[in-house]
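Have a look at the structure below, then the notes.
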Amino acid sequence: MEQRPRRYMVAVLPPQQLAAAGIAAQPLDMATLEKLLEGEPGVCVHRRVPASPRDSTTAARRMPFPDIIVAEMTYEQAGALRRQLPQLHLERDRLLTYSGADRPADRLSDPALVMPAGEEIDFTFLVQDTDGRPVPNAAVFVTGSGWPAHAVTGAEGRATVTLVGETPETIRSVVVRPQDGQWTARLERPALSVAHDNLVTLHSLSETFPGFPDQQTFGWGQQAMHLHRLPPTFRGGGVKVAIIDSGAAADHPDLRGELNDGVDLVDRRERGWTVDTVHRGSYSAGVITAADNGCGVVGIAVESLVHACKIFPNGRYSDLIEALDHCIEAEIDVVALGLGGSRPSPLVAAKIDQARHAGVACVVGAGDDGGPVAFPGNLPTVLTVAALGRTGTFPPDTSHAAEVFGPQTGEGYFSPRFTCHGSEVDVCAPGVAVLTVAPPDDYTVRDGTSLAAAHVTGLAALALAHHGDFRNGLGRQRGAARVDHLFQLIKSTCTPLDLGDPHRTGAGLPDALRLLGPALAGIPELPSEVLNLLDRLTAEMIQAGLLPSAPTPAPEAATAPVLAAMPPIAPGPGPAAPGQTAPGQTALAWLAEEMRIAGLLVEGPPDPLE
């Protein structure tokens, strides 16, 4: 075997930058550079990434973004190129990692323990649902004294996991993660057999969410951010959102017709972005834009125009730059970035800054390895989102329960183990046990800061579509000022959370009512009296059959009203008979009268719920 070459991004520094750095070398043109690299033995030129023609050069950033050549070469060749041509900028085109906490919670700090010495031992697992049917494609993780080993179940629901240097007594935990349809299962100190199948029974999501997926269900995250209390007209219409991830399953029942465009930077196929083999892009798409079709889940900004930018699997920094170029060209308003890198990239940082000056707001997950905030979440030009969990929203024997960390609030909010943290965290959002879509046509519950970023991306789309500050001159002027104002509004209307470390929560949990209060009723914030009346209205409408009952994920979970993404209030399947009051009209009239008595509604202006 030989050491494989490394991939680099190579750019020509502009004359202004050469002069500022005191470099007397003559500038190169890209054609000359490309010819030079192609003629170098052992160098493989992959492609050229042209600069976006919409490069928004401003007084604050005078130097345009350069063209980039992506090439493979050895470390020694890269060093020689730097020395010979100081007018070049070279940096590693590193692989990006997914922001998704799909690993078991047992993480060892010493990599030397990956493969202990000793004999092999096999454990065979039979994974079934509660009806005794086999569950295929479920990942089974077994952790002993060394690194976890895993296998995936076949069509009969069986998987054999092989470990080295372990015994049944040294096994610390077993985690079974289904592909869709069921909750995960986790068992500490399991009594495992090597002589026969170890049976694992997974519980269906419908056991926790009654009637799901035939009955539309709202996630706990939407309720925590008070998105369920917004009027049904708040849907983000006209705002362009991009998800830079693994594409999105456009044929899923909840995503069909919800994805407007995209780009495939993996296979470079015309509609390759509609196929999601990794599934993570679809998870985010479900949170942001799942259709309000009466079944499954419903997104936060269902009428936003969503682009899926596919860079996974094997996404690199250069692919992220191309995806951001697509967002600049398409005049995207908000981008969800559920990804990260091990090292900073000056070129990616410059491209994100260019996107910001073009009016593209980048919302980034903080990362999922439990350490410092990953790149590009540690940039000041993005809105960085850490994950938040809530006890009672998942069964206690799942892998989600293993992520509970540190102190909790009275409502049960906690900062999960996996979320990255640091002073760069701007806000936190739901990222544990998030109910969303799963390709090709099912549903799942997942963890990760990418899902937290998706919640905030959806809220940002609602703000751009409905907040008064963006419906006037500021909203029509794309640029850094609009992006910065959007981020500041979101942070300033958060609910602070005391979880022992502000670096895990930032400004706190975004609150849709505080953010969009001015658009609701011309007041800066809805008072608690209004929220209580809305709760009572919801109960009245559920009793009248106009709303499904809110699903309670676990017995100890706090039940919140569900008033999000429902169709405009109607009197039911048909008009009321003459002289009769249609269902819901009594509740609305009662609410209006209660608000007038409380001094929260005056005659003249339209009812905020009308």
Can you check whether Met225 reaches Ile300 side chain to side chain, under 4.5 Å on heavy atoms?
-> no

Can you tell me how far OG1 of Thr436 sits from CG of Asp254, rounded to the nearest 0.5 angstrom?
-> 8.5 Å

Would you check if there is a donor-acceptor pair between the side chains of His226 and Asp511 at a distance under 3.5 Å?
-> yes

What are the two closest heavy atoms between Asp276 and Ser282, and how far apart are they?
-> OD2-OG, 2.7 Å

Here the pair of heavy atoms bringing Ala463 nearest to Leu516 is CA-CD2, 3.9 Å

Please confirm whether the backbone N or O of Gly294 pairs with a side-chain atom of Gln216, one donor and one acceptor, at under 3.5 Å?
-> yes

So, do Val434 and Asp447 sit near enough that their side-chain heavy atoms are less than 4.5 Å apart?
-> no

Can Asp292 and Arg235 be said to form a salt bridge (Lys or Arg N to Asp or Glu O under 4.0 Å), step by step?
-> CA-CA 10 Å; Asp292 184 13; Arg235 293 176 173 239; 2.7 Å; yes

Between Val140 and Ala159, the two heavy atoms sitting closest are CG2-CB, 4.3 Å

Nearest 0.5 Å please: distance from the OG atom of Ser415 over to the CD atom of Gln408.
-> 11.0 Å

Rounded to the nearest 0.5 angstrom, the CG-CG distance for Leu462 and Leu227 is 6.5 Å

Is there a side-chain contact between His485 and Asp469, using heavy atoms and a 4.5 Å cut-off?
-> yes

Considering non-hydrogen atoms only, spot the tightest contact between Ala336 and Thr457 and give its length.
-> CB-OG1, 3.4 Å

Listed partners of His307 passing ring pair (Phe, Tyr, Trp, His ring centres under 6.0 Å), at least two apart | His326

Provide the closest heavy-atom pair for Ala361 versus Leu486 in the form atom of the first, atom of the second, distance.
-> CB-CD2, 4.0 Å

Tell me, please, which residues at least two apart from Tyr413 pass ring pair (Phe, Tyr, Trp, His ring centres under 6.0 Å).
-> none

Could you give me the CA-CA distance, side-chain angles and deciding distance for His228 and Phe218, then say whether ring-ring contact (aromatic ring centres under 6.0 Å, His included) is met?
-> CA-CA 8 Å; His228 65 300; Phe218 303 93; 8.3 Å; no

Heavy atoms, side chains only, cut-off 4.5 Å: are Arg177 and Arg446 in contact?
-> yes

Any side-chain heavy-atom pair from Leu339 and Asp245 closer than 4.5 angstrom?
-> no

Euclidean distance, Leu320 CG relative to Cys327 SG, rounded to 0.5 Å = 9.0 Å

State whether Arg478 and Asp333 are salt-bridged, where the test is any N-O pair (Lys NZ or Arg NE/NH1/NH2 against Asp/Glu carboxylate O) under 4.0 Å.
-> yes

Which value, rounded to the nearest 0.5 Å, describes the distance between Trp273 atom CH2 and Ile243 atom CD1?
-> 10.5 Å

Do Thr289 and Val241 have side-chain heavy atoms sitting under 4.5 Å apart?
-> no

List in chain and number order the residues that pass side chain to side chain donor-acceptor pair (under 3.5 Å) with Thr398, two or more places apart in sequence or in another chain; answer none if no residue qualifies.
-> none

Let me have the donor-acceptor pairs involving side chains of residues 426-433, under 3.5 Å, with sequence neighbours excluded, atom names and distances please.
residue : atom : partner : partner atom : Å
Asp426  : OD2  : Thr384  : N            : 2.8

Quick one: salt bridge (charged side-chain N to carboxylate O under 4.0 Å, His left out) partners of Glu207, sequence neighbours excluded?
-> none

Might you work through the ring-ring contact (aromatic ring centres under 6.0 Å, His included) test for His279 and Tyr98, ending with a clear yes or no?
-> CA-CA 11 Å; His279 295 188; Tyr98 309 114; over 10 Å; no

Is a side-chain donor-acceptor pair under 3.5 Å present for Arg514 with Thr495?
-> yes

Taking the six-membered ring for Trp and the single ring otherwise, decide whether the centroids of Phe212 and Tyr443 are under 6.0 Å apart.
-> yes

If you measure from OG1 on Thr393 to CG on Leu435, what distance do you get to the nearest 0.5 Å?
-> 11.0 Å

Scanning both residues in full, the closest heavy-atom pair of Ala301 with Gly236 reads CB-CA, 4.4 Å

Ring pair (Phe, Tyr, Trp, His ring centres under 6.0 Å) involving Phe487 - partner list, sequence neighbours excluded = none

Side-chain heavy-atom pair Arg271, Asp264 within 4.5 angstrom cut-off = no

Is there a side-chain contact between Cys494 and Pro510, using heavy atoms and a 4.5 Å cut-off?
-> yes

